[in-house]
Structures are given as C-alpha cells and as structure tokens.
Amino acid sequence: MHLKSIKYTAIHVVAFLVLSLSALAANAAVKCDFKDESLTYRVMYKWGMVNKQAGTATLSARNSGKHLITGLTARSESWADRFYKVRDTLKGSIVRETFHPVFYEKIAREGKDNKHDRVDYTHSGAKTIGNCTRRAWNTDGKLIRNEKRTLEAYGTTVDMLSAFYYMRALPYDAWKPGHVVTVNIYSGKRKELLTIKYLGTEKVKIDKTAHKCYHISFLFTSDGRTKTSDDMDAWISADARRIPLKLEGKLKVGKVQCFYTGK
C-alpha cells in the first residue's frame, strides 16, 4: 500500500470528487444554490480482507453575498502518518450566479514537505485564465520550489474544490445512462480534462441505511488521452441536498473508499 497514492486519490475524489458539463451552454443548467453546510467523510483503505480507516476529510460551504466560500480539510490517521503524513487544507470561492471560480488555495503537509499553491482566476467570455503560484519548503524550512505559471482554458472550467459543488448541481434527472460530458479542471500544477459518465441510479447502503443515488464515473486526463489517475466512481444522493455519499478509486494495490458519515 502506498499512502501517497491513497491521499492523491482521496483528494481527487473528495475534494474532490468531481464533475461536469461539456460546453458553455451547460452552465445555464447549473446553479450554485447551496446552503451553509459541513460534510464529513471517513477515508478507508481496502485490500482483500483488509478494510482500515486511513484518514478523514471535511468539506464546508458558507454563503457570503454573491459568493460561496468553500473549504476542505483532510488528514491521515496516526498509523498512516508513519508511512506518509497528510495534513491538507483547501480553500476557494465561487461566484454563485455564474459558478465561476474566484480563487483556489491548497496548503498541505505531505510527507516531509510543506506546500502552498494558489490560483487566482480571471474570466473573459468563454476564456478562463488561472494565475498560479506554487511554493514548497522542506523539513528544515528551506524553500525548494517557487514558481509561477499561467493556465488558460476555454469552456466550462473548475478546480479541485469548486468541482465538488459543480458536480452536485448537474441535471442528472434529465440524462440517460451513458451520458458523457467533459470539462477543464485546474489542479494548481496544470490544466487537465475531467470526463464524467452518468451510469444511472442505484441504491447504496451507508451505515445500514439504503439511499437512492446517482452513479457517475470520472476520469482525469492530461490531453484527453493520457490518464493522470485511474477511473473513479461517485454515488450522489438523489434528493435536494445532492450529497456525495460514497466515492471510490482504485490503487495499484487495493482501493480507497470515502463514505459520508452523516455529520
């Protein structure tokens, strides 16, 4: 088992956890209409008979005028810290009327390094520009990375945090199983493509309670062809809250699963 892989997959799925539509016209169907909330998840590592909690994550949203202020905190369990310690905080803001991201920030302790990434967005018609700053320090406090880059994309564009809310707002009731859509997604490091496939409705048990869910699978690619992670799946509650109840991603050995705790 590789804890770095577990963390990376979990962030993709929980902070991810993510979403989409393929064109500008799709934006009209998406409304950022969330109430203030805090959603907690347990992150499990499963391999054969092994089923052990590897970490926890909490996603939050707060309405502030025209914006939705979002956040994610994720941490590994003490046993997992011995292999790869994770203490991540993501912060962001979304324009409620257009769903455009305003900024995205990641403050992370991953393994022996401390990292701080930030993306500030500007929008012009169909074009989204992300001005990125990436810094990292080693355990001695020495700056080992300090770089800036500009990412550009045309069409629907989200990041690793705003994507979580975007996917919850999609019109699944109007889609048939097999419907596929693609959006741009910024990780802070690069622009990727996120492809979503709607697989229909399913019943999912969370703590012995069955819930009707929308089942989607999604794939990250760097150019529409080269995978940057394995396929992942999410099950979103088919009710007014649209809460991702279960997320799952494959690893080279075993898989990681994220379960909503109901808190």
Side-chain angles (χ1 to χ4, degrees), residues 8-32 34 68 70 72 90 92 94-95 97-102 104 106 119 121-130 132 149-202 213-236 238 242 244 246-250 258:
Y8 186 72
T9 302
I11 289 296
H12 264 84
V13 212
V14 180
F16 110 254
L17 302 161
V18 250
L19 25 69
S20 128
L21 288 179
S22 61
L24 286 178
N27 274 333
V30 180
K31 295 182 179 180
C32 185
F34 295 97
L68 184 71
T70 59
L72 164 73
L90 307 186
I94 307 166
V95 178
E97 183 67 24
T98 62
F99 227 106
H100 286 155
V102 178
Y104 164 78
K106 179 180 178 181
V119 184
Y121 300 96
T122 57
H123 305 275
S124 177
K127 186 177 182 179
T128 298
I129 299 173
C132 312
R149 62 180 64 183
T150 299
L151 304 175
E152 296 184 0
Y154 288 86
T156 303
T157 302
V158 294
D159 55 45
M160 297 300 294
L161 189 52
S162 62
F164 175 79
Y165 298 93
Y166 194 89
M167 75 168 180
R168 295 168 63 188
L170 295 177
Y172 299 111
D173 289 333
W175 292 354
K176 294 182 179 180
H179 188 95
V180 175
V181 293
T182 302
V183 293
N184 305 298
I185 183 165
Y186 287 165
S187 65
K189 178 180 180 180
R190 60 190 172 193
K191 181 192 75 173
E192 300 180 59
L193 293 178
L194 181 60
T195 300
I196 304 249
K197 185 175 183 179
Y198 175 56
L199 301 175
T201 58
E202 294 180 11
C213 294
Y214 302 113
H215 182 192
I216 61 175
S217 66
F218 46 97
L219 168 69
F220 293 87
T221 58
S222 59
D223 55 9
R225 296 181 299 276
T226 305
K227 286 186 177 184
T228 54
S229 70
D230 287 330
D231 294 3
M232 302 178 193
D233 288 82
W235 288 263
I236 303 170
R242 295 286 190 91
K246 177 183 176 182
L247 303 115
E248 183 174 290
K250 294 181 180 179
C258 303

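What you are looking at is a predicted structure, and each value in this text was computed from that prediction instead of being measured.
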*L194 side chain reached by E192 side chain, heavy atoms, under 4.5 Å*: no
Between Y198 and K176 the two heavy atoms that sit nearest each other are CD2-O, 3.5 Å
Quick check, are the ring centers of Y186 and Y104 under 6.0 angstrom apart?
no
- Query: If we only count heavy atoms from C-beta on, is the V95 to V102 side-chain gap below 4.5 Å?
  - Reply: yes
When rounded to the nearest 0.5 Å, the distance separating CD1 of I129 from OG1 of T150 is 7.5 Å
For M167 and P244, the nearest pair of non-hydrogen atoms, with its separation, is CE-CG, 3.3 Å
query = Any idea how W235 and H215 line up, ring-wise: parallel (<30°), tilted (30 to 60°), or perpendicular (>60°)?
reply = parallel
Rounded to the nearest 0.5 angstrom, the CG-CD1 distance for L199 and I216 is 8.5 Å
Exercise for the section: Evaluate side-chain contact (heavy atoms from CB on, under 4.5 Å) for V119 paired with D159, printing each intermediate quantity in order. Expected result: CA-CA 9 Å; V119 184; D159 55 45; over 6 Å; no
d(L72 CG, K106 NZ) to nearest 0.5 Å is 9.5 Å
### Whether F220 and F218 hold their rings parallel, tilted or perpendicular, with breakpoints at 30° and 60°
perpendicular
Here the pair of heavy atoms bringing A234 nearest to L247 is CB-CD2, 3.6 Å
Smallest heavy-atom separation, G92 atom then L161 atom, equals N-CD2, 3.5 Å
Between K197 and G178, the two heavy atoms sitting closest are CE-CA, 4.0 Å
To the nearest 0.5 Å, atom CD of E152 lies from atom OG1 of T122 at 8.5 Å
Minimal heavy-atom distance between Y214 and R242, with the atoms involved, is CE1-NE, 3.5 Å
Checklist entry - Side-chain contact, heavy-atom cut-off 4.5 Å: S162 with H100? => result no
Rounded to the nearest 0.5 Å, the CZ atom of R149 sits from the NZ atom of K191 at a distance of 13.5 Å
- prompt: F34 and R168: side-chain contact (heavy atoms from CB on, under 4.5 Å), yes or no, with the steps?
  reply: CA-CA 10 Å; F34 295 97; R168 295 168 63 188; 3.7 Å; yes
| message | Evaluate I94 against Y166 for side-chain contact (heavy atoms from CB on, under 4.5 Å), listing each step before the verdict. | response | CA-CA 10 Å; I94 307 166; Y166 194 89; over 6 Å; no
Given the rule in the side chain to side chain donor-acceptor pair (under 3.5 Å) test, do Y154 and N184 qualify, once you have shown the distances and angles that lead to the verdict?
CA-CA 8 Å; Y154 288 86; N184 305 298; over 6 Å; no
Report task. Any chance you could lay out the side-chain contact (heavy atoms from CB on, under 4.5 Å) test for C132 and L151, step after step, and finish with the verdict? Result -> CA-CA 8 Å; C132 312; L151 304 175; 3.7 Å; yes
Taking the side chain as everything from C-beta on, heavy atoms only, tell me whether W175 gets closer than 4.5 Å to L170.
yes
Practice item. For the residue pair T70 and L68, establish whether any side-chain heavy-atom pair is separated by less than 4.5 Å. Key: yes
Inset, instruction - Fit a plane to each ring of Y121 and H123, take the angle between them on a 0 to 90° scale, and name the class: parallel (under 30°), tilted (30 to 60°) or perpendicular (over 60°). - result: parallel
- prompt: Can you tell if the side chain of I236 reaches within under 4.5 Å of the side chain of C213, non-hydrogen atoms only?
  reply: no
Just by modelled atom types, is the G155 backbone N or O under 3.5 Å from a matching donor or acceptor in the T157 side chain? yes
